[in-house]
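One structure is given below, encoded as structure tokens.
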There are 2 protein chains.
Amino acid sequence: MQVLDQVASFKRPVRFSELLANSPFPKPTLYRFVQTLTNQGMLAFDAERQTYSMGLRLVRLAHAAWRHSSLASVARPFIEALAEKIGESIHLAQIDNGHVLFVDKYRATDKFDTLAQAGKIAPGYCTGVGKVILAFMPECAQKRALDEQSFVAYTPNTHRDRTTLATELSIIRKARVAYDREEHELGIISIACPILTGQEQVVGAVSIATSTNRYGIDDLKKHWPDLCDTANSIGAQAELWQVPTWG
Amino acid sequence: MQVLDQVASFKRPVRFSELLANSPFPKPTLYRFVQTLTNQGMLAFDAERQTYSMGLRLVRLAHAAWRHSSLASVARPFIEALAEKIGESIHLAQIDNGHVLFVDKYRATDKFDTLAQAGKIAPGYCTGVGKVILAFMPECAQKRALDEQSFVAYTPNTHRDRTTLATELSIIRKARVAYDREEHELGIISIACPILTGQEQVVGAVSIATSTNRYGIDDLKKHWPDLCDTANSIGAQAELWQVPTWG
DNA sequence: ATTATTAGTTTCATATAATGAAACTCAGTT
DNA sequence: AACTGAGTTTCATTATATGAAACTAATAAT
């Protein structure tokens with residue numbers, strides 16, 4: 001599994017020796033791993049260039065995961081509708097061990113990002129979607145998630161420790177909305193709502209993101225009712241389709 | 001790995017017992033498998049419903065596979081251009097052990113299918129893309145691929161044995177183009193071109209598909225030059241990006 | 001209420017397979 | 001001709017997977 005992550009992290013076909021240099025395994029062990037994974041179709045080996053890449057089987061599994069186990073497919077029509085109405089970028093995210101995984105994006109200009117562009121990972125503590133998901137997670141899960149964070153200060157506005165973040169999270173929980181005030185990237189702000197099931201269990205979040213050149217936080221606030229509606233609709237659908245929580 | 005395929009084949013969250021019924025493994029073995037996969041994030045377990053689904057890690061890996069190791073991302077602009085010009089559905093496929101894997105589709109009406117819709121699998125011997133890829137595969141690989149086929153007669157036009165198929169494949173190889181004459185689905189025909197590297201190694205295929213209600217094979221033939229250009233452009237890009245062959 | 005039935009989980013002696021140091025092969029160098 | 005270094009194989013050692021059976025907890029039938 002670690003090996004798969006390794007290969008994925010190189011964003012190109014990779015040589016055995018490169019993997020070896022970046023892995024804790026001794027040579028023959030790693031060798032047998034990649035061989036097995038290749039036989040299983042999880043990796044693909046290019047005999048000519050002697051490089052490994054992600055295998056076809058993974059693409060197949062990907063299809064299933066994306067289609068049946070991510071919010072993306074059930075949420076898409078709602079996100080699309082919202083984007084059309086607002087004309088700004090919409091992000092859809094789920095949580096994965098304290099990291100936010102963007103499972104879909106709709107950019108105001110380019111229409112939907114496909115999986116090629118979605119699938120990105122961002123830290124949970126400095127994005128609108130991340131904070132709102134954290135705020136609504138069960139106490140213990142939230143604690144676990146935060147324990148794994150290293151609180152990198154991406155911008156001057158980024159939370160730099162747990163205490164200030166904890167305060168904001170409790171405010172977010174009450175307000176049922178989170179804002180990203182240029183905490184992850186300067187010039188980018190967003191408003192985010194949680195996607196909840198009937199039992200108030202958080203399964204993800206939707207956000208409207210925009211550039212500070214165009215709008216301020218106050219302008220985003222105006223879209224709150226629409227964003228909220230969208231989040232609720234997605235929540236209802238997610239429950240219907242039993243989309244997993246990935247807490 | 002088999003277990004992952006299993007879970008994927010159910011198109012919904014699945015219970016342990018359902019997996020058990022469809023797996024060759026004894027209960028405790030399978031139990032430990034799903035437990036391990038869940039811990040690794042390859043599967044997700046919904047404690048409330050006691051169901052398993054594809055995990056988040058898989059979605060992440062999926063992203064990498066799709067983006068860096070499938071033809072889809074490099075081919076997309078060319079396919080888009082072709083679709084705009086022709087106004088018909090375009091399919092992009094790669095081969096996987098004799099099965100054709102659709103890695104992208106552009107439907108004339110709905111714009112791009114995302115991974116949610118792509119990722120489907122079809123047999124190689126009765127689709128335009130499948131036949132043209134088989135025709136250009138190295139002899140030994142082709143043999144291996146055909147050995148695994150069971151030659152189901154989807155329609156009256158489907159090849160029912162290897163001999164008639166072999167004849168057609170050699171014709172296709174010479175003509176550098178394949179036609180699907182309602183061999184997989186009645187009412188659907190297509191014209192397909194191979195995507196080749198500089199060394200004439202096949203990496204995939206593009207096809208234009210249409211309904212017999214609208215057009216005949218002869219109409220598709222008119223688009224051959226455009227299709228060919230598209231395939232060549234994708235081939236050049238694939239080589240540049242070292243997209244794996246998945247032979 | 002009591003007993004069957006079934007789904008999910010744990011145990012443990014046994015068998016099996018993974019491990020990695022070292023040795024080997026075969027390019028492409030120096 | 002000897003050297004490097006990437007990739008591959010060997011094999012005795014060690015750890016790990018295996019699955020029959022037993023157990024538990026929940027639901028259904030009597």
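For the numbers below, each heavy atom of this structure counts, side chains included, while hydrogens, waters and symmetry mates do not.
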Does the gap between the ring centers of B:F25 and B:F33 come in under 6.0 Å? yes
Please confirm whether the ring centroid of A:H159 lies under 6.0 Å from the ring centroid of A:Y125. no
Strand-adjacent residues in residues 2-21 of chain A, judged by heavy atoms under 4.0 Å from DNA chain C: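 None, since no heavy atom is under 4.0 Å.
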Within the 4.0 Å heavy-atom criterion, would you say A:P28 contacts the bases, only the backbone, or no part of the nucleic acid?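 Answer is base: heavy atoms of A:P28 come under 4.0 Å of a base.
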Could you label the plane-to-plane angle of the A:Y52 and A:F45 rings as parallel, tilted or perpendicular, counting under 30° as parallel and over 60° as perpendicular? tilted
Looking at side-chain heavy atoms only, is the closest gap between [X] and [Y] below 4.5 Å?
X: B:I195; Y: B:L92; result: yes
X: B:D104; Y: B:R76; result: yes
X: A:I172; Y: A:V177; result: no

Heavy atoms within less than 4.0 Å of DNA chain D: which residues of residues 31-39 of chain A have one? Give them sorted by number. A:Y31
Between B:E148 and B:K143, does at least one N-O distance fall below 4.0 Å, as a salt bridge requires?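 Judged by the 4.0 Å cut-off on N to carboxylate O distance, B:E148 and B:K143 do not form a salt bridge.
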Identify whether the distance between the nearest side-chain nitrogen and carboxylate oxygen of A:D147 and A:R144 falls below 4.0 Å.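 Judged by the 4.0 Å cut-off on N to carboxylate O distance, A:D147 and A:R144 do not form a salt bridge.
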Pairwise side-chain hydrogen bond (donor to acceptor under 3.5 Å, both in side chains) hits with a residue in residues 16-32 of chain B, at least two apart: B:R12-B:E18, B:Y31-B:Q35
Work out how much the helix from C:dA1-D:dT30 to C:dT30-D:dA1 bends between its end axes, five pairs an end, to the nearest 10 degrees.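 Computed angle between terminal axes is 30°.
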Along DNA chain D, 5' to 3', what are the outermost nucleotides having an atom less than 4.0 Å from a heavy atom of chain B?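 The contact span of chain B on DNA chain D goes from D:dA17 to D:dA21.
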Tell me whether the guanidinium CZ or amine NZ of A:R173 lies under 6.0 angstrom from the six-membered ring centre of A:F136 and within 45° of its axis.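 Pair A:R173/A:F136 counts as cation-pi.
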I'd like to know if the side chain of B:S70 and the backbone of B:A72 have a donor-acceptor N/O pair within less than 3.5 Å. yes
Going by side chain to side chain donor-acceptor pair (under 3.5 Å), name the residues that satisfy it together with A:Q237, two or more places apart in sequence or in a different chain. A:W241
